[in-house]
Amino acid sequence: METTLYSTFLDDKEIACRIYEMLANDILGKEQLEKIKLRYDDMYRNFFNYSKDEAQKLGLKDAFWKFSTGVEPFTPARWKRYYEDTITVPIPITHQDFKDLTTRTEKRGAIGLDLPTWFNLKNNDRRIMLVAQDPLRGNTWYSDVDKFPKGKTGRKEDYICIDALVASPFGLHDKSWRDKKNGGGRMALLVEKLIEHGYGVYLTDCRKYFVYDHKESAEYSKEKKSIYKAILQKEIGIVNPQRIVAVGNEAYDYCHELIGDDVRLLHVPHISGLAAKKQKIFFELDENKKTTIEELVERYAKYIISEGK
């Protein structure tokens, strides 16, 4: 699986250039174009690597992320080093449409942004767009939240990060997350299965920013709906997918608000282990019989392919 994914990861360079520009011009700010390019370079070069802490725990001393200068993980105030247990990195938000995220006076920080990723798009017009709800981030270590677990010292203000915390949809750039069969591993298997059937896959979020917690994010997404609509439509224009698959009920509802009754829009339940009951109902699986992850992914792939014809 890993070889198939890596050999097709970020493979279409023409689309890459257009996505870089879209991220800079419409989401982060033109000033961030070089950081965006560096982040994509890092995601490709480190496809098989772990965070430094996890690599050490696994006894893989050389299999840790090597970050480009300027796109390293967050360093809290008064710390002498950046976080070594993550591969998520902050990039400043200078775009006028979203600069308000950096000037909030309360509930500050924990601003998530996923950079779209793609597999097997080069020289392939059989394309599927998989759309997640939003770039969820935990606020314990990145905001002014009153949570002080073991290892967190100083003042809560020391941990506020008002930059976008950048990762990717479903975490497929992250070897550790792809290893988790109840997390990114499921989506990685689905992407591989779609590739086996000859499809290219593009992954993105319909709500571009996650803000502090679910409630704040929902409110912010209402405010920015017209902007998010324009961005998603631009992505659709760049990728030209045969099918737009919203993963999860909330992703589907918001996508429908953005693009209306587009005949390519399709809904599937969320693929995580937490949605097991909904998956069994949707795919009419025996609730009393255990379904393997491989069998479940096969159901997803067949449904997406058959409905997309």
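Scope of the values below: all heavy atoms of this structure, side chains included, with no hydrogens, waters or symmetry mates. Positions are given from 1 along the sequence.
- Both Val297 and Tyr303 sit in one connected hydrophobic cluster of ILVMFWY residues. Membership requires side-chain heavy atoms under 4.5 Å apart, directly or through other members.
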Let me check something: any side-chain donor-acceptor pairs from residues 25-37 under 3.5 Å, sequence neighbours excluded? List them with distances.
residue : atom : partner : partner atom : Å
Asn25   : ND2  : Glu21   : O            : 3.2
Asp26   : OD2  : Lys234  : NZ           : 2.7
Glu31   : OE1  : Thr94   : OG1          : 2.7
Gln32   : NE2  : Thr94   : OG1          : 3.3
Lys35   : NZ   : Gly70   : O            : 2.8

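- The closest side-chain donor-acceptor pair between Asp179 and Tyr50 falls under 3.5 angstrom.
- One finds the CG atom of Leu23 at 5.0 Å from the OH atom of Tyr40 (value rounded to the nearest 0.5 Å).
- Using a cut-off of 4.0 Å between Lys/Arg side-chain N and Asp/Glu carboxylate O, Arg104 and Glu216 are scored as salt-bridged.
- In summary, the aromatic rings of Phe210 and Tyr220 are positioned with their centroids too far apart to meet the 6.0 Å limit.
- The cluster map of Ile, Leu, Val, Met, Phe, Trp and Tyr, joined by side-chain heavy atoms under 4.5 Å apart, puts Phe64 and Val71 in different clusters.
- Cluster membership check: Leu165 does not share its hydrophobic cluster with Trp177, using side-chain heavy-atom separations under 4.5 Å among Ile, Leu, Val, Met, Phe, Trp and Tyr.
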Side-chain polar contacts of residues 266-274 - donor-acceptor pairs under 3.5 angstrom, sequence neighbours left out - could you list them?
residue : atom : partner : partner atom : Å
His267  : NE2  : Asn249  : OD1          : 2.8
His270  : ND1  : Ser272  : N            : 3.1
Ser272  : OG   : Leu274  : N            : 3.3

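- In this structure, the separation between OG on Ser221 and CD1 on Ile227 is 11.0 Å, given to the nearest 0.5 Å.
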I'd like a table of donor-acceptor pairs (distance under 3.5 Å, sequence neighbours excluded) in which one partner is a side-chain atom from residues 110-123, with atom names and distances.
residue : atom : partner : partner atom : Å
Asp114  : OD1  : Arg137  : NH2          : 2.8
Asp114  : OD1  : Ser168  : N            : 3.3
Asn120  : ND2  : Tyr199  : O            : 3.0

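- Using a 4.0 Å cut-off between charged nitrogen and carboxylate oxygen, Lys208 and Asp97 do not count as a salt-bridge pair.
- Atoms CD and CZ, on Gln279 and Arg299 in that order, are 12.0 Å from each other to the nearest 0.5 Å.
- Residue-environment remark: NZ (Lys61) stays at or below the threshold of 12 foreign heavy atoms within 6.0 Å.
- Between Arg39 and Asp42 there is no salt bridge, since no side-chain nitrogen of the basic residue lies less than 4.0 Å from a carboxylate oxygen of the acidic one.
- By the neighbour-count criterion of 12 heavy atoms within 6.0 Å, atom NZ of Lys224 is densely surrounded, having more than that number from other residues, nucleotides or ligands.
- Using modelled atom types and a 3.5 Å distance limit, the side chains of Asp262 and His256 yield no donor-acceptor pair.
- Side-chain contact between Trp141 and Pro149 is present, with heavy atoms from C-beta onward closer than 4.5 Å.
- Between Tyr83 and Tyr159, the ring center distance fails the sub-6.0 Å criterion.
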